[in-house]
Colleague: 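If you scroll down you'll find the structure; I have some questions about it.
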Amino acid sequence: MPEATTHQALYRRWRAQTFSEMVGQEAVVATLRNAVATGKVAHALLFTGPRGTGKTSLARIVAKAINCTNLGPNADPCDTCEACNAIREGRALDLVEIDAASNRGIDAIRELRERLNYAPTDLRRKVYILDEAHQITKDAWNALLKSLEEPPDFVTFMFASTHPQEFPPAILSRLQRFDVRRLTVPEISGKLVRILEADGREADPEAITLVARLAAGGMRDAESILDQLLSSTGGRIEADAVRDLLGLADAELVDGFVDALATGDPIAGIALLDRLEERGRDLRIFLDQVVDAIRERLLAAMAAGGADPALAVAARRLSSIDPTRIGPGGIRLQLELALLDPGPGRSRVQAAVAAAPRVTPQSQAAAPAASPAPTPASAPTPPPAATAEASRAPAPAPAPDPAPAAAASTSADPAPPAVPLAPSAPAGDDLERLRSGWATVVAAISKSPPLKPLIVVCRPIGVEGNIVTLGFPEEQAFLKDVAERKRANLEERIGEFLGHDVGVRCVATNLDLLPPLPEDADAAHILAEAHRIFAEDLAEVPEVT
């Protein structure tokens, strides 16, 4: 019976041991080489960036370089001397790696601090590498601050973190920071090919590219996926094996769903979702594939000098999906709603129906007597009495201009209505209409006392599709939360003004940085009313340190 051997993961076997073996990160590597060569390595370094991009590997390589007894001409550690071997094999007593996620408290940091003053035993310099250091507690950072600022001459600290924004500013100011970037697909693919060649295995180029894309810029993730494929596949690694193992949808299904989104064909899109679930595919991964496919199409269209409005609208609908939702319907329901969305991404059939002129009993009663084959130039005009009667009627909220529909209805030989790819009233028009008529909106909504304090201080700052964004002053951000609870009323009133259903999103922002509303008496009244109501509530807020 053959002796059992312990399998070592690919990412451990293929971890970079010298600067020359690092994939990507050219700027960081060049800076570290120069620091090692000139003997100016800082006493405290911070490596930050996405997971699996080489932060801890760089820290170990620097630890080797500052302790190597046979440093190469390009400041690369030799990886053969006793110090390099001890660090690579994990038996160097003076290299201490600490998982800050599980050793984050003040007691662990006090223990570390007590050992700092002991001289190194087997290396020239003692090195402390703290991984996931952003999880260290505030009290622990305070205990380490003085030692970090003035450590013994033979001590070097290195921190690795994916969230440097969580470091206290006092700590960040004492660290030399190196930002590690995501790796590109070609960079990841190149190393995967080298691994396969060394193991005597073969793989389809498409399979390698799939793995590199799924890794999302992280070499460790790519090596872990490849390790799993090598264990589950005996011969050549095929692209279909990658899809089956990782729950990926076929490219044709992804393209078909994108087409259904862009053309407004919910039946075809739902049928594709049924096929995916029958095959046991993960819809979250499918969503990532669809987003990537739409992005590639948009970039291709822009490179060709054009744009695809239908794809852009579909991309906006997808961006509102929450992939973490696990409630009723989950991500499946959200994908179906994206297909059924009647807003800016409405289907070609819906757009054609909306563009066609509508005949109602009121319009028939108001229409003048028909004349044979009138032309737009000879179309009859309303009698003066009708005009006078209309002028006495109360002015309605602004609505889309009916002139195009009227012209179509009086045409001698009307052509079939064009099928627009975007809504007939662009979002930019809605924003301008809101800005120019905001005084009217405020006056209408202010008739409801609970809404008056909200509407007089906010401003329309954006319209995306059917979503209107209202901005509230940062110093009165609590009003944004109140407005969220009154959102249904705001949506109803603003929708009446624009002439179609809308959703309202409330944000707190600096309104002083926005362009002013059109100068008129009503706008001035709004600002004066807001100042009268809330001026006494303004307060200076000191900076939080």
Side-chain angles (χ1 to χ4, degrees), residues 163 165-166 316-325 327 334 337 341 343-344 397-398 426-520 522-545:
H163 298 86
Q165 70 275 7
E166 297 182 17
R316 292 190 186 98
R317 298 208 303 271
L318 288 178
S319 66
S320 65
I321 292 179
D322 179 9
T324 64
R325 176 178 174 180
Q334 296 182 78
L337 291 175
D341 192 338
D429 293 350
D430 278 353
L431 179 58
E432 289 306 315
R433 289 171 58 199
L434 280 175
R435 283 174 47 79
S436 60
W438 191 240
T440 303
V441 177
V442 171
I445 298 180
S446 294
K447 295 178 182 178
S448 175
L451 298 179
K452 183 175 181 180
L454 304 175
I455 198 65
V456 296
V457 298
C458 72
R459 293 255 303 272
I461 63 176
V463 177
E464 184 175 345
N466 282 353
I467 303 300
V468 176
T469 301
L470 299 180
F472 289 79
E474 288 179 320
E475 64 272 13
Q476 295 160 349
F478 67 94
L479 291 176
K480 173 187 77 71
D481 300 328
V482 178
E484 288 284 356
R485 296 193 290 270
K486 306 287 186 182
R487 189 168 55 192
N489 293 329
L490 295 174
E491 290 173 346
E492 179 182 358
R493 300 298 178 84
I494 294 175
E496 290 174 357
F497 176 82
L498 293 176
H500 60 81
D501 292 339
V502 300
V504 167
R505 183 169 69 100
C506 303
V507 299
T509 186
N510 187 352
L511 297 183
D512 294 335
L513 300 180
L514 300 175
L517 291 172
E519 295 290 340
D520 56 23
D522 291 331
H525 171 71
I526 294 169
L527 295 177
E529 184 72 5
H531 182 76
R532 182 184 67 80
I533 296 173
F534 296 105
E536 297 180 358
D537 295 333
L538 300 180
E540 293 292 331
V541 180
E543 181 180 358
V544 179
T545 58

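Only this structure's heavy atoms are used, side chains among them; waters, hydrogens and symmetry mates stay out. Keep in mind that what you see is a predicted model, and the values were worked out from it rather than measured.
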Colleague: Please enumerate all residues that pass side chain to side chain donor-acceptor pair (under 3.5 Å) together with Glu166, with sequence neighbours excluded.
Modeller: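 Counting only residues at least two positions away or on another chain, Glu166 forms no side chain to side chain donor-acceptor pair (under 3.5 Å).
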Colleague: Which residues pass the side chain to side chain contact (heavy atoms under 4.5 Å, CB included) test with Ala444, sequence neighbours left out?
Modeller: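 Side chain to side chain contact (heavy atoms under 4.5 Å, CB included) check on Ala444 returns nothing, list empty.
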Colleague: Between Leu498, Leu434, Val502, which is the residue that forms a side chain to side chain contact (heavy atoms under 4.5 Å, CB included) with Val463?
Modeller: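 Only one option passes, and that is Leu434.
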Colleague: State the CZ-NZ distance between Arg493 and Lys486, to the nearest 0.5 angstrom.
Modeller: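 Answer for the CZ-NZ pair, Arg493 versus Lys486, is 12.0 Å.
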Colleague: How far apart are the closest heavy atoms of Glu491 and Val504, and which atoms are they?
Modeller: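 In this case the closest contact between Glu491 and Val504 is OE2-N, 3.0 Å.
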Colleague: Only one of Ile461, Thr509, Leu490 clears side chain to side chain contact (heavy atoms under 4.5 Å, CB included) with Leu470; which?
Modeller: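 One option only clears the test, and that one is Leu490.
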Colleague: Apply salt bridge (charged side-chain N to carboxylate O under 4.0 Å, His left out) to Glu492 and list each qualifying residue two or more places apart in sequence or on a separate chain.
Modeller: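 Glu492 satisfies salt bridge (charged side-chain N to carboxylate O under 4.0 Å, His left out) with no residue once adjacent residues are dropped.
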Colleague: With sequence neighbours left out, write down each residue that passes side chain to side chain donor-acceptor pair (under 3.5 Å) with Thr469, or none if nothing qualifies.
Modeller: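 Partners of Thr469 under the side chain to side chain donor-acceptor pair (under 3.5 Å) test: Arg505.
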Colleague: How many angstroms lie between atom NZ of Lys480 and atom SG of Cys458, to the nearest 0.5 angstrom?
Modeller: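 Lys480 atom NZ to Cys458 atom SG measures 13.0 Å (nearest 0.5 Å).
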Colleague: Taking only residues two or more places apart in sequence, or in another chain, which ones meet Arg435 in a salt bridge (charged side-chain N to carboxylate O under 4.0 Å, His left out)?
Modeller: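 Checked Arg435 against salt bridge (charged side-chain N to carboxylate O under 4.0 Å, His left out); zero matches.
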Colleague: Please name all residues satisfying side chain to side chain contact (heavy atoms under 4.5 Å, CB included) with Ser446, sequence neighbours left out, ordered by chain then number.
Modeller: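 If we apply the side chain to side chain contact (heavy atoms under 4.5 Å, CB included) test to Ser446, skipping adjacent residues, the hits are Val442, Lys452, Ile455, Val456.
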